[in-house]
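First listed ligand is number 1; within each ligand, the first listed atom is number 1.
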Amino acid sequence: MRTTQPKILIIEDDPQIRKFLMITLTSHDYAAISAETGNEGIRLASSVKPDAILLDLGLPDIDGTEVIRTIREWSKVPLIVLSVRTQEEEKIKAFDLGANDYVTKPFGTNELLARIRVSLRDTILAQVENTEIIIGDLKIDLLKHQVQFRGERIKLSPKEFNLLKILAMNAGKLLTHNYLMQQVWGKAYGDDNQYLRIYIAQLRQKLEKDPARDQFIINEPGIGYRLEIGENT
Ligand code: CA
């Protein structure tokens with residue numbers, strides 16, 4: 001086994017899904033390890049230090065959201081939730097606690113591998129260097145409040161800037177409406193996502209010059225938004 005293989009930890013109690021994931025990942029050059037319970041998963045997450053974690057929310061011992069809460073106390077490892085359609089509320093809770101992404105069961109191999117690639121890549125791409133965030137062709141100067149995209153200066157209002165900054169600092173990670181609202185507007189605005197929708201639309205207009213080709217701000221209906229910028233955008 002090469003040491004350069006990204007290590008993926010699977011936390012899933014269903015033996016068939018676990019087996020499917022182990023086979024899929026190892027055949028695609030990942031080093032896969034698995035846990036059947038939440039507590040075992042937490043233990044392995046701290047001892048093995050995986051590059052990404054696939055987490056089932058319905059576990060026999062503790063709730064999957066508890067696993068996220070615990071791991072997030074000491075690790076920023078990308079966490080991809082394996083959810084079922086009836087778990088909408090738990091899924092949103094998972095993101096508020098710091099999950100990066102999700103796939104809905106039953107998921108296809110390609111979809112799963114794509115989500116893992118994005119999680120691993122954006123963790124590497126999103127370099128926060130002192131006062132600058134650089135992701136692909138996007139540069140955000142945190143000191144001067146300036147944004148450059150593809151070498152071109154993008155003029156943003158202070159709220160648009162803050163929104164883009166939060167998305168960029170968490171590139172590849174799905175951020176809930178609730179989280180974004182609190183980060184940009186503060187708690188006072190509560191559950192009214194109207195502002196968020198308007199500002200996301202404005203950011204899109206300024207960044208996504210060619211809507212047919214460009215799609216950087218990904219909308220996950222009912223949950224939130226994710227910034228996804230490739231290496232050659
Ligand atoms: Ca389960």
Side-chain angles (χ1 to χ4, degrees), residues 1 5-123 170 172-180 218-226 228:
M1 195 180 280
Q5 283 180 313
K7 278 180 286 185
I8 315 285
L9 169 62
I10 301 156
I11 308 175
E12 164 70 76
D13 61 320
D14 184 313
Q16 275 175 326
I17 299 176
R18 206 168 55 237
K19 192 176 167 198
F20 165 76
L21 289 171
M22 287 295 283
I23 291 169
T24 303
L25 292 177
T26 44
S27 68
H28 286 87
D29 237 12
Y30 291 104
I33 36 164
S34 71
E36 292 175 37
T37 65
N39 284 315
E40 193 191 348
I42 290 167
R43 193 178 54 74
L44 283 175
S46 75
S47 62
V48 175
K49 299 199 169 43
D51 298 292
I53 297 175
L54 303 179
L55 172 72
D56 176 32
L57 286 182
L59 295 166
D61 55 344
I62 52 171
D63 200 84
T65 52
E66 267 315 301
V67 176
I68 299 172
R69 195 198 306 275
T70 308
I71 290 175
R72 277 290 173 264
E73 283 171 12
W74 39 264
S75 171
K76 285 183 175 166
V77 59
L79 252 154
I80 301 168
V81 164
L82 311 170
S83 74
V84 290
R85 291 204 190 279
T86 50
Q87 289 173 320
E88 288 304 306
E89 254 177 58
E90 276 162 290
K91 196 160 79 185
I92 290 171
K93 192 177 165 198
F95 287 110
D96 276 331
L97 287 169
N100 292 60
D101 209 343
Y102 76 100
V103 286
T104 305
K105 293 176 188 173
F107 46 81
T109 307
N110 290 339
E111 187 196 352
L112 177 76
L113 292 170
R115 300 264 59 94
I116 293 173
R117 274 197 305 273
V118 168
S119 291
L120 292 173
R121 186 195 69 199
D122 286 335
T123 313
N170 298 283
K173 185 170 173 180
L174 178 49
L175 302 174
T176 59
H177 297 137
N178 196 22
Y179 178 83
L180 288 167
I218 313 292
N219 177 29
E220 294 285 350
I223 304 176
Y225 299 94
R226 168 176 56 220
E228 221 178 277

Query - Over all atoms of both residues, closest heavy-atom pair of I11 and G41 - result: CD1-CA, 3.6 Å

Query raised in the report: Of all N, O or S atoms in D56, which has the smallest distance to the Ca ion (ligand 1)?
Result: OD2

Report summary line: Here the N/O/S atom of D13 closest to the Ca ion (ligand 1) would be OD1

Query raised in the report: Closer than 3.0 Å to the Ca ion (ligand 1), do we get an N, O or S atom from G58, backbone or side chain?
Result: yes

Query raised in the report: With a 3.5 Å cut-off and no angle check, do the side chains of T176 and D96 form a donor-acceptor pair?
Result: yes

Query raised in the report: Going by an N to O cut-off under 4.0 Å, is there a salt bridge joining K93 and E90?
Result: no

Query raised in the report: When you check the gap from the basic side-chain N to the acidic O, do K105 and D56 get nearer than 4.0 Å?
Result: yes

